[in-house]
Amino acid sequence: MVDIPTILISYVGERRFPEVTFAGWGNNMTETYDASKIQVLEGLEAVRKRPGMYLGDPHDGSALHHCIWEVVDNSVDEHLAGHTDIIEISMHEDGSLSVRDYGRGIPVGEHEEYGVSAAEVIMTKLHAGGKFDNTSYKVSGGLHGVGVSAVNAVSEWMEMTIHRDGKVYFQRYEAGVPVDPLRVIGSCSDTGTKISFKPDLSIFTDVVEFNFDEVDTRVSETAFLNAGLKMTITDQRGDEAHVSEHFYEGGLSEYVGKLNDRREVLHSEVIKIQGEKEIEKGVVEVELALQWSDAFSESIRCYTNIIRNKDGGTHMSGLRTALTSSVNSYAKKRNLLKGDGLSGDDVREGLAAVVSVKHPDPSFSSQTKDKLVSSEVTGIVQTIVYDKLGDFFEENPSVARQIVEKAVLASKAREAARKARDLTRRKGVLEGGGLPGKLADCQSRDPSECEVYLVEGDSAGGSAKTGRDRRIQAILPLRGKILNVERQKHNAAKVFQNQEIQTMIRALGAGVGNNSEEEGSFDSSKLRYSKIIIMCDADIDGAHIRTLMLTFLWRFMRPAIEDGHVYIAQPPLYQLTKGRISKYVFSDEERDEVISELQGGNQNTKIGVQRYKGLGEMNPDQLWETTMNPMTRTMLKVTVQDAEESDRLFEILMGEDVPDRRAFIEKHAKEVTNLDI
Ligand code: 0RA
């Protein structure tokens with residue numbers, strides 16, 4: 001059995017912050033540098049000192065992969081400028097990566113201000129990026145703002161090969177510093193640029209290898225948004241090279257088709273919408289593709305100049321407003337609606353959509369461009385979608401009717417869930433104070449210091465009650481497997497009738513439901529405890545129960561996870577004893593290490609090894625000492641990287657579709673971390 005959360009939700013445990021060393025820095029400087037060069041080097045040094053500020057976290061893989069996009073985006077820009085239809089990415093055995101395009105090649109002529117080649121300026125000067133030549137260069141895709149020079153700064157080495165004017169130019173850098181000037185090393189008949197780099201492992205730690213799937217996903221996204229661009233990824237790190245090719249003539253429609261892959265769609269043809277509007281600085285282009293399916297969740301992906309805005313923004317709100325109004329006005333016009341209008345949630349249920357905006361001068365809420373804030377975009381998208389979707393509904397009445405009917409159903413289900421939820425709340429109040437009898441509450445009433453353990457089984461619950469610090473730790477034992485809420489998507493009322501779930505809702509005291517607009521929906525600030533700690537056995541059933549709890553929290557109390565309140569307790573796997581010495585260990589590797597440590601070189605000392613299968617095998621003192629004592633315990637914090645992806649995976653793993661689940665588990669069998677033996 002796959003322990004789902006290890007794939008789905010990233011755990012943040014303790015993290016090392018290694019000292020940054022400056023390997024290779026300045027080693028190759030033979031000439032004296034003039035003022036402008038010193039400035040350049042100071043810029044790059046700043047990146048090496050604080051990579052997090054420029055590229056993201058250098059420990060968890062985000063900065064490492066950001067490096068790839070910084071380089072690839074330049075080639076995508078070259079495609080957008082109309083000069084290359086092929087981009088080839090290769091991952092090499094030595095940990096380096098290269099990106100090749102067939103564009104014009106980076107300019108090689110001397111740069112007036114700096115007295116070195118323009119190419120060298122691009123590679124060494126912060127923010128020089130592709131914006132350096134605005135006239136011949138369409139500013140678009142790339143440029144998360146840092147430019148390829150930031151990648152150069154954090155690379156053990158970077159090599160640039162340029163095919164231009166029949167010549168092959170080459171330059172190598174180490175830790176951002178040129179080893180030699182740009183020089184001609186051969187001749188050629190094509191044009192283009194190849195950039196290779198090897199991340200400097202004195203800067204990147206923990207995650208130090210490029211993740212093929214992560215790269216593949218992002219590259220496919222880029223290819224979908226650039227119909228006609230062929231992108232390949234070759235992984236040369238294993239025994240056999242692995243090649244993945246992305247080429248989509250259908251663009252956004254094909255993308256939406258993929259989002260709905262394996263879902264039952266309401267209408268086979270994807271709805272395409274296009275339009276543009278002139279603003280002061282140029283033209284804003286809007287392109288969308290939409291398709292409804294029987295899915296419960298919505299997946300809307302937003303882009304500005306080919307960059308994903310994972311938190312949406314003004315294009316998202318324009319789309320939402322237009323959707324709600326055009327579906328409602330069609331429904332009213334055709335008398336398909338009784339009573340109240342449909343809400344935005346009702347209309348968007350089951351919708352997969354991609355919105356791509358091209359903007360000459362977009363504004364974002366942050367460096368990472370997660371959210372578009374250019375205010376004029378709301379109205380532009382809204383008008384275009386309202387008009388064109390209205391036309392589509394008129395021309396395709398049967399599709400329109402199905403979309404309305406689906407939204408009406410969604411609205412009814414939501415109403416039923418709301419009633420059931422209110423009933424649960426009222427019942428809680430009637431039963432006195434609303435706290436469930438099974439809860440052993442803590443004494444403190446200050447949520448910031450309080451924590452609640454959701455414990456698998458009554459017997460472990462008993463040990464936890466005895467062993468805890470009753471001032472700040474509350475215990476809620478849950479019996480057996482809680483309901484799999486993923487199978488009750490259309491019957492939320494049943495979820496609220498479930499005993500264990502009612503108990504959890506009342507103990508946490510912060511409401512339930514992810515729609516913050518509805519009264520009584522979950523609100524982290526009302527939580528009675530700042531830490532919700534899931535404590536399950538370290539076996540296959542424990543993994544399953546933990547997943548069921550996470551599924552419930554995700555579907556009905558999502559802000560608890562998003563706001564960082566959910567933790568997973570880590571009970572030890574073994575107790576090792578030698579005479580009167582006793583040690584607890586948390587993994588098989590640690591077991592082997594500690595055994596040899598205790599043996600002190602003498603293999604014949606046979607060490608006592610006890611495997612803990614369940615929490616119930618530990619007495620209250622042991623449970624406190626190993627798992628619950630805030631001073632000594634290890635816990636994992638549950639965090640989410642990609643909400644939409646998590647939605648999808650809960651759908652696959654906890655939903656009804658058996659073949660989907662099997663395919664997923666087979667694909668991820670390598671990652672199984674919690675195999676019970
Ligand atoms: C600046 C100006 C021109 C091209 C480029 C940059 C360029 C940069 C990269 C990075 C990777 N591949 C690239 N391809 C081109 C325009 C040069 C001209 O006018 O010929």
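In listed order, ligands and their atoms are each counted from 1. The model shown is predicted, which means the values in this text are computed figures rather than measured ones. Side chains included, hydrogens not; waters and symmetry mates left out as well; all remaining heavy atoms used.
The shortest separation from a heavy atom of G103 to ligand 1 is not under 4.0 Å, leaving the residue out of contact.
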Run the side-chain contact (heavy atoms from CB on, under 4.5 Å) test on I306 and K358 for me, step by step, so that the C-alpha distance in whole Å, both residues' side-chain angles and the decisive distance to 0.1 Å come before the verdict.
CA-CA 8 Å; I306 320 293; K358 303 242 173 76; 3.7 Å; yes

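Set against the non-hydrogen atoms of R164, the atoms of ligand 1 under 4.0 Å away are 17 (C), 18 (C), 20 (O). Below 4.0 Å from some heavy atom of N74 lie the following atoms of ligand 1, by number and element: 10 (C), 11 (C).
Enclosure of atom NZ in K277 is not indicated, since only 12 or fewer non-hydrogen atoms of other residues, nucleotides or ligands lie within 6.0 angstrom.
Of all the heavy atoms of D101, the ones lying under 4.0 Å from any atom of ligand 1 belong exclusively to the side chain.
Within the model, atoms CZ of F204 and NE2 of H65 stand 10.5 Å from one another, a figure rounded to the nearest 0.5 Å.
Both tests pass for R100 against the ring of Y102: distance under 6.0 Å to the centre and angle within 45° of the axis.
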